There are 2 protein chains.
Amino acid sequence: MNDHVSVDLLKAAGLRATKQRILLLRALIAEQHPFSVEDIRAHTKNALDTATIYRTLEIFKEKNLVRQVELAQGRALYEYAGNHHHHIVCTSCGTIRDLDICLPKTLHRSVREVSGFSRVNQHALEFFGVCNKCV
Amino acid sequence: MNDHVSVDLLKAAGLRATKQRILLLRALIAEQHPFSVEDIRAHTKNALDTATIYRTLEIFKEKNLVRQVELAQGRALYEYAGNHHHHIVCTSCGTIRDLDICLPKTLHRSVREVSGFSRVNQHALEFFGVCNKCV
DNA sequence: ATCCAGATGCGAATCAATTGCATCTGGATA
DNA sequence: TATCCAGATGCAATTGATTCGCATCTGGAT
């Protein structure tokens, strides 16, 4: 029932709305948090094949439906690309918390100037520290 | 001869100065750029075993001699932890350029406040764009 | 010169991610 | 609504990075 949101998002992105894509997108929207492929499989009760998940995530990334997050944990994490934000990771327990903080536009602009790159499209920003539960 | 620098750095870090560690550290200092394990092997003419490189890099990371860089290229990159800096990656050709840009301290401080974390020790910041050679 | 905790090399194992291929299906078309 | 096919999927096998077990070696303390 609640598939409408996912279906609409898929159609808007010019993608075929298959069962698998609807399920995956719904899981991503529901989780609202960086998510490994194994987490996704668990969340969807193994209804999705691993290869399908990887292939679909790749497509979703191209359409800016999901974002890939690298936290040096040996595997990639993915999250629904709602509003732009960043994360802080506890290096002790691995907890990930969202941050509503972003780079000042001035910094983004000076990167283009300093680097000599024609375009600067994205940035990845992750913080690492120790959460309050880990002292 | 030029091993002295590496040897001193290792001793200062409280590590045994083995042939392998001197060689690896020298390669990292010489390269001054994010480096994959395969790159390191090539640079050192396969004198180092892969397992040794991984194990040693892990130790170097703990001693803050090297930094691990995640650029979502399917493998980790490592670079000598000289002065703190960041990178911009061309999403077309993969070129990595160093940036002498960093976050304003105010942002770093507010992360601690917003997140509720006790400590904020590090951050990873990577930019992605298109370099001038790739149009 | 001796000694041994720690370091190394080798091969095997692990684990995330990718690929080939036969089969299936969403949705465009008649 | 029935037909059709490019694109999507599942499965199994593969790749490629990283890790591990274990026998051997070595830096540096004594």
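Order of the sequence lines fixes the chain letters, A, B, ..., with proteins taken first and strands second; residue numbering starts at 1 for each chain. For clarity, every value in this text was computed on a predicted model and none was experimentally measured.
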Peer 1: Please report the distance, rounded to the nearest Å, between CG in A:Leu48 and P in C:dA17.
Peer 2: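 My rounded result for the distance is 16 Å.
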Peer 1: Rounding to an integer number of Å, can you tell me how far A:Asp3 CG sits from C:dG26 P?
Peer 2: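 That distance rounds to 13 Å.
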Peer 1: Starting from the 5' end of DNA chain D, give me the residue, B:Thr50 or A:Asp49, whose nearest nucleotide shows up first.
Peer 2: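 It is A:Asp49, whose closest nucleotide lies nearer the 5' terminus.
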Peer 1: How close or far is atom P of C:dA16 from atom CG of A:Asp39, stated in whole angstroms?
Peer 2: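 About 11 Å, once rounded to whole Å.
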Peer 1: May I ask you to evaluate whether B:Gln20 reaches the phosphate of C:dG9, defined as a side-chain N or O under 4.0 Å from OP1 or OP2?
Peer 2: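 Checking C:dG9 against B:Gln20, a side-chain N or O does come within under 4.0 Å of OP1 or OP2.
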Peer 1: Take the protein atom CD of B:Glu38 and the nucleotide atom C1' of D:dT18, then report the distance between them rounded to whole Å.
Peer 2: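 Atom-to-atom, B:Glu38 to D:dT18, this comes out as 11 Å.
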Peer 1: Does A:Thr56 place a side-chain N or O at less than 4.0 Å from the phosphate oxygens OP1/OP2 of D:dA8?
Peer 2: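 Checking D:dA8 against A:Thr56, no side-chain N or O comes under 4.0 Å of OP1 or OP2.
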Peer 1: C:dA7, OP1 or OP2 - any side-chain N/O from B:Lys19 closer than 4.0 Å?
Peer 2: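 No, outside the criterion.
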Peer 1: Which whole-number value in Å describes the distance from B:Ile59 CD1 to C:dA5 C1'?
Peer 2: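 Spelled out: CD1 on B:Ile59 to C1' on C:dA5 is 13 Å.
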Peer 1: In the structure shown, which nucleotide is the Watson-Crick or G-U wobble counterpart of D:dG28, with both distances under 3.5 Å?
Peer 2: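 Here D:dG28 is engaged in a pair, and the nucleotide opposite it is C:dC3.
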Peer 1: Rounding to an integer number of Å, can you tell me how far A:Phe35 CZ sits from C:dA16 C1'?
Peer 2: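 Nearest whole value for this atom pair: 17 Å.
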Peer 1: State, with a plain yes or no, whether a side-chain heavy atom of B:Leu28 is found less than 4.5 Å away from one of B:Leu65.
Peer 2: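 They are not in contact (no side-chain heavy atoms under 4.5 Å apart), so the answer is no.
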Peer 1: Under 3.5 Å, is there an N or O donor on one side and an acceptor on the other linking the side chain of B:Arg55 and the base of C:dG6?
Peer 2: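 No, the side chain and the base share no sub-3.5 Å donor-acceptor pair.
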Peer 1: Could you tell me if the side chain of B:Tyr78 sits less than 4.5 Å from the side chain of B:Val37, heavy atoms only?
Peer 2: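 When only atoms from C-beta onward are counted, B:Tyr78 and B:Val37 do touch, with a gap below 4.5 Å.
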Peer 1: Under 3.5 Å for both donor-acceptor distances, Watson-Crick or wobble: does C:dT8 have a partner, and if so which one?
Peer 2: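 Across any shown strand, C:dT8 pairs with D:dA23.
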Peer 1: How about B:Ser92 and B:Lys133: do any of their side-chain heavy atoms sit closer than 4.5 Å?
Peer 2: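 Heavy-atom side-chain distance check fails, nothing below 4.5 Å.
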Peer 1: Of the candidate nucleotides D:dC20, C:dA17, D:dT18, which contains the atom at the shortest distance from the side chain of A:Val37?
Peer 2: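 That would be C:dA17.
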Peer 1: Tell me which of B:Leu15 and B:Glu58 sits closer to the 5' end of DNA chain D, going by the nucleotide each one is nearest to.
Peer 2: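 Between the two, 5'-proximity favours B:Glu58.
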Peer 1: Tell me whether the OP1 or OP2 atom of D:dA8 has a side-chain N or O from A:Thr18 closer than 4.0 Å.
Peer 2: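 For D:dA8, OP1/OP2 do not have a side-chain N/O of A:Thr18 under 4.0 Å.
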Peer 1: With heavy-atom distances below 4.5 Å as the criterion, would you say the side chains of A:Ile88 and B:Val120 are in contact?
Peer 2: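 Heavy-atom side-chain distance check passes, below 4.5 Å.
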Peer 1: Which part of the nucleic acid, if any, lies within reach of B:Arg75 when heavy atoms closer than 4.0 Å are counted: base, sugar-phosphate only, or nothing?
Peer 2: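 Touches sugar-phosphate only.
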Peer 1: Quick one: label B:Arg21 by what it contacts on the DNA or RNA (base, sugar-phosphate, nothing), any heavy atom closer than 4.0 Å.
Peer 2: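 Result for B:Arg21 = sugar-phosphate.
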Peer 1: In whole Å, what is the span from the NZ atom of B:Lys63 to the P atom of C:dA7?
Peer 2: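 B:Lys63 atom NZ is separated from C:dA7 atom P by 10 Å.
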Peer 1: OP1 or OP2 of C:dT18 sitting under 4.0 Å from any side-chain N/O of A:Tyr54?
Peer 2: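 A:Tyr54 to C:dT18 OP1/OP2: no side-chain N or O under 4.0 Å.
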Peer 1: Could you check how far CZ of B:Arg41 sits from P of C:dC10, rounded to whole Å?
Peer 2: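 Whole-Å distance recorded here is 9 Å.
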Peer 1: So do the side chains of B:Glu126 and A:Glu70 get within less than 4.5 Å of each other, counting heavy atoms only?
Peer 2: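 No, their side chains stay 4.5 Å or more apart.
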Peer 1: Is any side-chain heavy atom of A:Ile29 less than 4.5 Å from a side-chain heavy atom of A:Leu9?
Peer 2: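 Answer yes - side chains close enough.
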